Amino acid sequence: MMTSMARWVVVAIGSALVAEALVAPPRSRVRSAARGRAAAAASAELKPYLSTLIEGGALTQAEAESLFASFLEGSAAPEQVAAVLCLLRRKGESAEEIAGAASAMRAACVPVKSPGRLLDIVGTGGDGASTINLSTASAILCAAAGAKVTKCGNRSVSSKCGAADVLEALGLDLDLDLDQVAACIEEVGLGFLYAPKNHPAMKAVAPVRKALGVRTAFNLLGPLTNAASAQRVVIGVFGEHLVDLIAGSLEKIGVVEHGVVVHGVGLDEISPLGPCTILELRKNKDGSYHRTKWTLDPLDDLGIPRCTLDDLKGGDADYNARALRDCLAASDHSDPRRDAVALNAAVGLYVYGAADSVQDGLAAARRALASGAGLAKLDEWIAKTKELAAAAA
């Protein structure tokens with residue numbers, strides 16, 4: 001059952017949102033009133049779900065999908081959105097609820113169509129470590145080693161520099177339309193799925209998320225909603241408790257054929273800091289999944305020396321852009337950053353099917369680093385985005 005304090009938290013959030021609406025300019029209040037009347041009918045439909053959560057119950061996957069679909073359509077009152085998000089956070093989201101929410105977000109997505117096997121390497125964020133953009137660098141390295149990569153991402157939320165921030169600083173054109181992104185994927189083997197373009201429905205919940213200012217279920221959905229429906233994924237999570245949750249959600253969504261959910265030493269990445277928990281999923285012919293949970297120790301299993309968190313620290317977009325280019329530049333030397341990038345790329349190449357094992361994937365990643373193929377792929381990608389943008393101008 002919900003405590004009186006928790007009830008007051010939800011009421012306070014709703015009151016704050018109402019107050020914000022009341023002090024809006026007159027025209028805004030008129031529009032808000034019209035939206036309120038339109039949402040009244042939907043409100044009644046959402047009350048049973050809200051009641052279930054208030055009583056401490058959980059939603060089914062179908063219920064969560066219906067509920068989050070109403071959020072993304074803008075038919076739910078902001079007070080209801082805030083209340084549901086807080087109640088889910090308080091009790092702890094289930095795999096069914098996250099899968100249902102992700103399915104709603106996928107249904108509202110504007111997709112990028114790209115045939116064939118696709119790979120994404122992405123993290124939830126939220127680890128607070130502010131490292132350089134390891135998953136972005138690893139995705140580029142995987143493309144250099146032969147994978148077809150659809151990297152999803154956004155601007156910074158919990159770190160100093162998100163994937164979109166560093167790619168923009170590197171010179172990538174983020175304003176491409178989705179057909180141009182698809183052309184990049186086909187011609188370069190690498191495309192960036194920029195969240196605002198692929199998930200415009202998220203604008204409907206942006207004010208509530210901003211008003212709350214805390215992590216909600218929406219923070220977990222990005223890696224589960226690749227707009228190209230990548231079948232091979234490496235998903236990093238910021239907490240050990242999320243490994244089974246996100247893996248369970250992937251199973252229920254059913255798009256992934258081979259994927260891993262990883263967490264290591266407080267990061268949503270694999271790193272030389274220490275051992276990493278990996279939950280591996282392989283889809284069976286009947287649609288079920290085979291699970292294997294194992295530990296990867298970069299030192300014991302791959303001979304990669306330990307490092308400290310300071311070795312991986314990043315900065316603003318310009319700093320991280322320089323660091324990413326340094327990581328991918330032609331050289332056979334190793335350092336903690338290059339090791340971390342190679343580690344994540346190794347797992348990516350294994351999941352993609354370009355390597356039979358993580359050890360083989362590491363060898364391929366290191367060859368691409370030594371030859372400069374990683375940096376060459378980055379520059380090819382940047383040039384292609386500029387070419388496509390210029391042609392459309």
Side-chain angles (χ1 to χ4, degrees), residues 61 92-99 102 117-124 127 134-135 138-139 141-142 145-150 220 222-226 229-304 339-365:
Q61 183 172 338
E93 299 90 347
S94 69
E96 289 81 3
E97 290 162 343
I98 293 297
R117 185 187 305 172
L118 304 172
L119 171 69
D120 191 10
I121 301 179
V122 61
T124 58
D127 60 20
L134 296 175
S135 63
S138 303
L141 190 57
C142 281
K148 191 175 179 183
V149 179
T150 55
L220 303 177
L224 303 175
T225 55
N226 183 286
S229 291
Q231 316 92 334
R232 310 296 173 105
V233 297
V234 177
I235 296 178
V237 295
F238 62 81
E240 187 84 27
H241 65 289
L242 293 174
V243 172
D244 284 283
L245 175 65
I246 297 302
S249 301
L250 286 173
E251 289 177 323
K252 294 179 184 304
I253 295 167
V255 171
V256 167
E257 296 171 357
H258 187 190
V260 295
V261 182
V262 305
H263 173 77
V265 199
L267 299 186
D268 65 340
E269 319 271 4
I270 305 167
S271 78
L273 285 172
C276 174
T277 298
I278 296 182
L279 204 164
E280 182 175 358
L281 299 175
R282 285 184 183 270
K283 196 172 190 179
N284 300 316
K285 290 182 179 179
D286 64 359
S288 64
Y289 283 87
H290 176 72
R291 280 187 172 215
T292 308
K293 192 178 236 183
W294 43 287
T295 299
L296 176 66
D297 189 322
L299 177 61
D300 293 344
D301 299 331
L302 300 169
I304 294 176
D339 285 342
V341 170
L343 268 170
N344 286 276
V347 175
L349 292 171
Y350 164 63
V351 164
Y352 185 75
D356 293 332
S357 66
V358 174
Q359 288 81 356
D360 290 344
L362 182 61

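All values derive from a computational prediction rather than experimental measurement. FYI, the numbering just counts along the sequence from 1.
Taking 4.5 Å as the limit, every side-chain heavy atom of T124 sits out of range of all side-chain heavy atoms of H263. Considering only heavy atoms from C-beta on, L245 stays 4.5 Å or farther from V261 through its side chain. Using a 4.5 Å heavy-atom threshold, the side chains of P223 and I246 count as separate. Side-chain contact between F238 and L220 is present, with at least one heavy-atom pair separated by less than 4.5 Å. Between V255 and N226 there is no side-chain heavy-atom pair separated by less than 4.5 Å.
Shown here is N284, whose CG atom has more than 12 heavy atoms of other residues, nucleotides or ligands within 6.0 Å.
Counting only residues at least two apart or in different chains, ring-ring contact (aromatic ring centres under 6.0 Å, His included) contacts with residues 273-298 are absent.
Evaluation of the side-chain hydrogen bond (donor to acceptor under 3.5 Å, both in side chains) rule for Y350 yields E280, R282 as partners, not counting sequence neighbours. Looking at residues two or more places apart in sequence or on another chain, you find a salt bridge (Lys or Arg N to Asp or Glu O under 4.0 Å) between E257 and R232. Every residue two or more places apart in sequence or in another chain was checked for a salt bridge (Lys or Arg N to Asp or Glu O under 4.0 Å) with K283, and none qualifies. Partners of R117 by side-chain hydrogen bond (donor to acceptor under 3.5 Å, both in side chains), not counting sequence neighbours: none found. Applying the salt bridge (Lys or Arg N to Asp or Glu O under 4.0 Å) test to D297 and every residue at least two apart in sequence or in another chain returns R306.
Checking each of L224, V262, V260, I121 against I235 for a side chain to side chain contact (heavy atoms under 4.5 Å, CB included) leaves exactly one that passes, namely L224.
To the nearest 0.5 angstrom, I278 atom CD1 is 4.5 Å from L296 atom CG. Between E251 atom CD and L281 atom CG the span is 5.0 Å, to the nearest 0.5 Å. Rounded to the nearest 0.5 Å, atoms CG (D301) and CG (L362) are 11.0 Å apart. Separation of atoms CG (N344) and CG (L134) is listed at 6.0 Å; rounding is to 0.5 Å. Note that CD of Q359 is 5.5 Å distant from CG of L302, once rounded to the nearest 0.5 Å.
For S138 (side chain) and V341 (main-chain N/O), a donor-acceptor pair under 3.5 Å exists by modelled atom type.
Annotation for L349 and A364: closest pair CD1-CB, 4.0 Å, computed over non-hydrogen atoms. For C142 against V149, the heavy-atom pair with the smallest separation is CB-CG2, 4.2 Å. Closest of all the heavy-atom pairs between E97 and G92 is OE1-O, 4.1 Å. When every heavy atom of R291 is checked against every heavy atom of A247, the shortest pair comes out as NH2-C, 3.9 Å. The shortest heavy-atom contact between A345 and L141 is CB-CD2, 3.8 Å. Smallest separation of non-hydrogen atoms from G248 and A95: C-CB, 3.9 Å.
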Could you go step by step and tell me if L343 and E269 meet the side chain to side chain contact (heavy atoms under 4.5 Å, CB included) rule? CA-CA 9 Å; L343 268 170; E269 319 271 4; over 6 Å; no
